[in-house]
Amino acid sequence: MTILSAQGVDPELAGLRESIDNFDAALIHLLAERFRCTQRVGELKARKGLPPSDPDREARQVKRLRNLAVEAKLDPDFAEKFLAFVVKEVIRHHRTIAESVDHTTTQKHDTERND
C-alpha cells in the first residue's frame, strides 16, 4: 500500500499520482542527461569560436518537435514553449562557457606575454 492510499486517497487516484511521480522523475533524469550533452556542445562551440546559439538549428528543432507533439497528441504550442524554455537555458549556459573560455584564453595570453 502506498503512502497516498494509506492516507485515505482513492486507490485509483493514488496509482495515477504514483505514475505521474515516476514520469516526473524520468523527465528530471532525461533533462539532466540532455544538459550534460549540451554542456559538451557549449564547450566545443567555445573552443571553436562558434556562437552560443544557432537560430537555424533552433527553428528546425521547433518544427520537428511541433510535428512530434502532434503525433503524440500533445499540444504543439505547449511543446514549443517547453522547448523555448530549455533552449533559453542552454544558450545561457553556452554564453557562460564561452565567457569562461574567453577569460581563460585572455589570462593565458597575458601570462605568456609576462614570461
Hits for side chain to side chain donor-acceptor pair (under 3.5 Å) against Asp77, two or more places apart or cross-chain, chain-then-number order -> Arg66
Set of residues satisfying side chain to side chain donor-acceptor pair (under 3.5 Å) with respect to Glu33, sequence neighbours excluded
Arg36
Quick one: hydrophobic cluster around Ile91, which other residues, with the 4.5 Å side-chain cut-off, linked directly or via members?
Val62, Leu65, Leu68, Leu83, Val87
Single-linkage hydrophobic cluster, 4.5 Å side-chain cutoff, Val101 and Leu50 together
no
Quick one: side-chain hydrogen bond (donor to acceptor under 3.5 Å, both in side chains) pairs with a partner in residues 81-97, sequence neighbours left out?
Glu89-Arg92, Glu89-His93
Nearest 0.5 Å please: distance from the CG atom of Leu27 over to the CZ atom of Phe82.
6.5 Å
What residues, two or more places apart in sequence or in another chain, satisfy side-chain contact (heavy atoms from CB on, under 4.5 Å) together with Leu16?
Glu12
Looking only at heavy atoms, which two atoms of Ala69 and Pro76 are closest? And how far apart?
CB-CA, 3.9 Å
In short, salt bridge (Lys or Arg N to Asp or Glu O under 4.0 Å) pairs touching residues 39-63 with sequence neighbours left out are none
